[in-house]
Amino acid sequence: MPATRVRIAPSPTGPLHIGTARTALFNYLYARRHGGTFILRLEDTDVARSTVAFEADILEQLHWLGIAWDEGPDVAGGDDRGPFGPYRQMQRLERYAEAAGDLLARDLAYPCFCTTDELDADRKAQEAAHQPPRYIGRCAALTAEERAARVAEGRRSALRFRVRADRVSFDDLVRDEVEIDTANLGGDFVIVRSDGTPLYHFTVVVDDAAMEISHVIRGEDHLSNTPKHILLFRALGHEMPAFAHLPLILNPDRTKMSKRKSQTAIADYRAEGFVPEALVNYLALLGWSTGTEEEILSLDELTSRFDLEHVQKGGAVFDRERLEWLNGQWIRKLGPEDLIERLQPFLEADRQAGRIDRVPTPEELRPLVPIIQERLPTLGAVGDLIGFLWVDRVTVDPATLIPKRWDRGTTLGALQAGRETIAASVGPVTFEADELEPPLRALAEERGWKAGDLFMAIRVAVTGRTATPPLFDSLVALGRERVLARLDAAIDTLGRSEVS
RNA sequence: GCCCCCAUCGUCUAGAGGCCUAGGACGCCACCCUUUCAAGGUGGAGAUCAGGGGUUCGAAUCCCCUUGGGGGCACCA
């Protein structure tokens, strides 16, 4: 029984994509479940589009998600570790060159001198004739002399792999038997560009073989490419890995999830305040299930339950609402200190954006945890929720100050009475929720007001908004001085306004 | 156009011939709790299992066809 070795092979041509993250997760879970090895390999042969910044983002976000790899690069632009390195394809060029030389020597591949223009013209003609695009084989049977002549002309050549008439089938671990006629592969395909750099279909096979990958677990968008890979594995004389093609993550319109139609960068979800536990949990359940009704699962719990049998075959629409719900579930599971720590960067961001004037200390945050924890859909919502506590002044809209059942005069009177009640009945030292509520309720009863209306007027006066954490906790967090000052300011604002 | 794959509530899914008058979750609606907002609790609407043929005593589950959807067909990955 050969060792279980799986890999994620992202291309640093963009930030870590949610689909890549899920594929990485499934590979990770599979490796951990089977005591195997999980490898990260960077496919950076598209030199024009690959950047170190993207590489850094991919590594960073995978680390953040807790999807740890056993072999591969750990630092952008840095060294990598593992016995099958290097793990960046641009550092493995000799290996591809060697494999290419081998195929060329055995005439399993040949130099192609076709120009881009020629190829484009071929494609256009095929399109006009309603034919599927395919390489017509112009250079497939060139003699040594003809090749030499073209080289003498100074023409560069790409290397094409010969696709012979055959039927290729493989046993996909999630979709069972898949079969295709090689006539539908589009003809001989390029494996090395004319500039000498190798192409994906080629490098992936050379590397999967060299790194002794046992299971290729990837997105369904590669299903149609698999026969090409199989042909290459055979030509190169390598043992075939098992294949498992995962269903695609879809946009709401059921097309392959894309940046154009959906938010795809993991970094963006992170910046919004999604916690890695929720993202991992959600992504694992997109296209896979435990087979039970469990759904709140940690990475470890997912690991112990993972299997390829329960992987769905059809694509899965990305449902942000469900992600948000799961995020709330995970936020509620966080310990107080953990939550406080995770909130810091978001509060700092709010301060930098001018949404709050000061970042609270952990000590200030601690007593607020019970009232905010169940109200945060994301960590990033913290400013929206209790930002009024750290701003120098709140903006109060006179119109919202007036409860729906009241008019301007009643509100004005209520705010003044409320202010006096708070000032008179509660001293600066013993400013506590338990001591604030009874006198204010008594006031409402005495004046024949609904307590809720009084509370709402005070709430808006003091926070600037109609939806806040419980009023008395909010007042306590603000402190007597600020409560009174804000009430005064609101009374003033309403007093001058024209609204009724 | 050609090839490949797929098809259970709006969405994610359970279901591997009888346990299904199809279960759970998100979302939605109502009620409870309640000073607002959440959270939580309870209940509800929501799927003729895409359609049509078979096979079988019996099909969401097996087979075929149709339809629909998606993916792939690059000197991108």
Side-chain angles (χ1 to χ4, degrees), chain A residues 9-11 13-14 43-46 48-50 112 114-116 119 123 126-127 129-135 156-160 172 175 178-181 183-187 189-195 197 199-201 203-204 219-228 245 247-248 250 252-256 282 285-296 309-310 312-326 328 332 371-377 385 403 437 440-441 444 450-456 458-460 463 465-472 474:
Chain A
S11 183
T13 53
E43 310 219 321
D44 53 358
T45 56
D46 185 350
R49 295 195 297 144
S50 296
C112 171
C114 294
T115 62
T116 310
L119 264 14
R123 206 158 299 141
Q126 287 159 345
E127 199 177 320
H130 295 292
Q131 297 291 334
R134 77 188 328 267
Y135 178 59
R156 316 273 303 254
S157 65
L159 190 66
R160 271 185 199 276
D172 191 280
R175 336 174 161 256
V178 177
E179 193 187 34
I180 185 178
D181 193 306
N184 298 309
L185 259 28
F189 58 91
V190 176
I191 55 176
V192 181
R193 293 184 180 87
S194 51
D195 70 1
T197 55
L199 254 14
Y200 167 74
H201 294 309
T203 60
V204 74
E220 191 194 339
D221 46 349
H222 286 293
L223 189 63
S224 298
N225 294 150
T226 303
K228 288 183 183 175
H245 288 89
L248 259 23
L250 275 21
D253 64 5
R254 304 204 73 90
T255 54
K256 180 163 77 159
Y282 178 70
L285 262 23
L286 249 199
W288 174 76
S289 72
T290 59
T292 69
E293 283 174 0
E294 303 175 292
E295 48 192 344
I296 311 288
E309 290 71 55
H310 284 90
Q312 202 80 12
K313 292 193 182 86
V317 173
F318 187 86
D319 181 0
R320 192 195 155 94
E321 306 238 46
R322 194 171 156 83
L323 204 213
E324 277 187 18
W325 170 76
L326 258 178
R332 270 161 240 139
I371 64 169
I372 62 172
Q373 191 157 24
E374 65 201 26
R375 277 169 244 267
L376 289 172
L385 224 205
E437 189 167 352
L440 284 171
R441 281 196 185 278
K450 297 202 87 168
D453 290 336
L454 206 218
F455 296 168
M456 181 53 86
I458 295 174
R459 164 179 293 110
V460 176
T463 68
R465 30 202 339 162
T466 54
T468 71
L471 180 62
F472 302 105
S474 300

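Each chain gets a letter, A, B and so on, in the order the sequences are listed, and its residues count up from 1. Just the heavy atoms: all of them, side chains too, but no hydrogens, waters or symmetry mates, feed the values below.
Rounded to an integer number of Å, the gap from A/Arg322 CZ to B/A25 C1' is 5 Å. Atom C1' of nucleotide B/A25 and atom OH of A/Tyr282 are separated by 12 Å, given to the nearest angstrom.
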What string of B, S and - do you get for nucleotides 36-46 of chain B, 5' to 3', when a contact is any protein heavy atom under 4.0 Å? BBBSS------

The contact string for nucleotides 60-77 of chain B, one letter per nucleotide 5' to 3', using protein heavy atoms under 4.0 Å with B, S and - for base, sugar-phosphate only and none, comes out as ----------SBSB-BBB

Between the protein and nucleotides 15-21 of chain B, list the N/O to N/O atom pairs that are separated by less than 3.5 angstrom.
residue : atom : partner  : partner atom : Å
B/G15   : OP1  : A/His310 : NE2          : 3.3

Worked verdict on A/Arg459 versus A/Thr463 for side chain to side chain donor-acceptor pair (under 3.5 Å): CA-CA 6 Å; A/Arg459 164 179 293 110; A/Thr463 68; 5.8 Å; no

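Residue A/Gly219 is classed as having no contact, given no heavy-atom separation below 4.0 Å to the nucleic acid. Within the 4.0 angstrom heavy-atom criterion, base atoms lie near A/Phe472. A/Gln126 comes within 4.0 angstrom of nothing in the nucleic acid, heavy atoms only.
Residues passing the salt bridge (Lys or Arg N to Asp or Glu O under 4.0 Å) test with A/Arg441, sequence neighbours excluded: A/Glu437. When the side chain to side chain donor-acceptor pair (under 3.5 Å) test is applied to A/Thr116, no partner is found at least two apart in sequence or on another chain. By the side chain to side chain donor-acceptor pair (under 3.5 Å) test, A/Arg160 is found to be paired with no residue, residues two or more places apart in sequence or in another chain being considered. Qualifying salt bridge (Lys or Arg N to Asp or Glu O under 4.0 Å) partners for A/Asp253, counting only residues two or more places apart in sequence or in other chains: A/Lys261. With sequence neighbours excluded, the residues satisfying ring-ring contact (aromatic ring centres under 6.0 Å, His included) with A/Phe472 are A/Phe455. For A/Thr226, the side chain to side chain donor-acceptor pair (under 3.5 Å) partners two or more places apart in sequence, or in a different chain, are A/Arg218, A/His245. Checked against salt bridge (Lys or Arg N to Asp or Glu O under 4.0 Å), A/Glu179 has the following partners two or more places apart in sequence or in another chain: A/Arg167. By the side chain to side chain contact (heavy atoms under 4.5 Å, CB included) test, A/Val460 pairs with A/Val396, A/Thr400, A/Leu401, A/Met456, A/Thr466, sequence neighbours left out. Partners of A/Arg175 under the salt bridge (Lys or Arg N to Asp or Glu O under 4.0 Å) rule, at least two apart in sequence or in another chain, are A/Glu220.
Of the listed nucleotides (B/C12, B/G1, B/C3), B/C3 has the atom at the smallest distance from the side chain of A/Ile180.
B/C31 and B/A45: their C1' atoms are spaced 15 Å apart (whole Å). For the C1' atom pair drawn from B/G46 and B/G40, the interatomic distance equals 24 Å after rounding to whole Å. Comparing B/G44 with B/U55, their P atoms are spaced 40 Å from each other, to the whole Å. Using P as the reference atom, B/A47 and B/G10 are 7 Å apart when rounded to the nearest Å.
Nucleotide B/C2 has B/G72 as its partner under the Watson-Crick or G-U criteria, with both atom distances under 3.5 Å. In this entry B/G10 has B/C26 as its Watson-Crick or G-U wobble partner, both defining distances falling under 3.5 Å.
Here the side chains of A/Ile191 and A/His201 are not in contact, with every heavy-atom distance at 4.5 Å or above.
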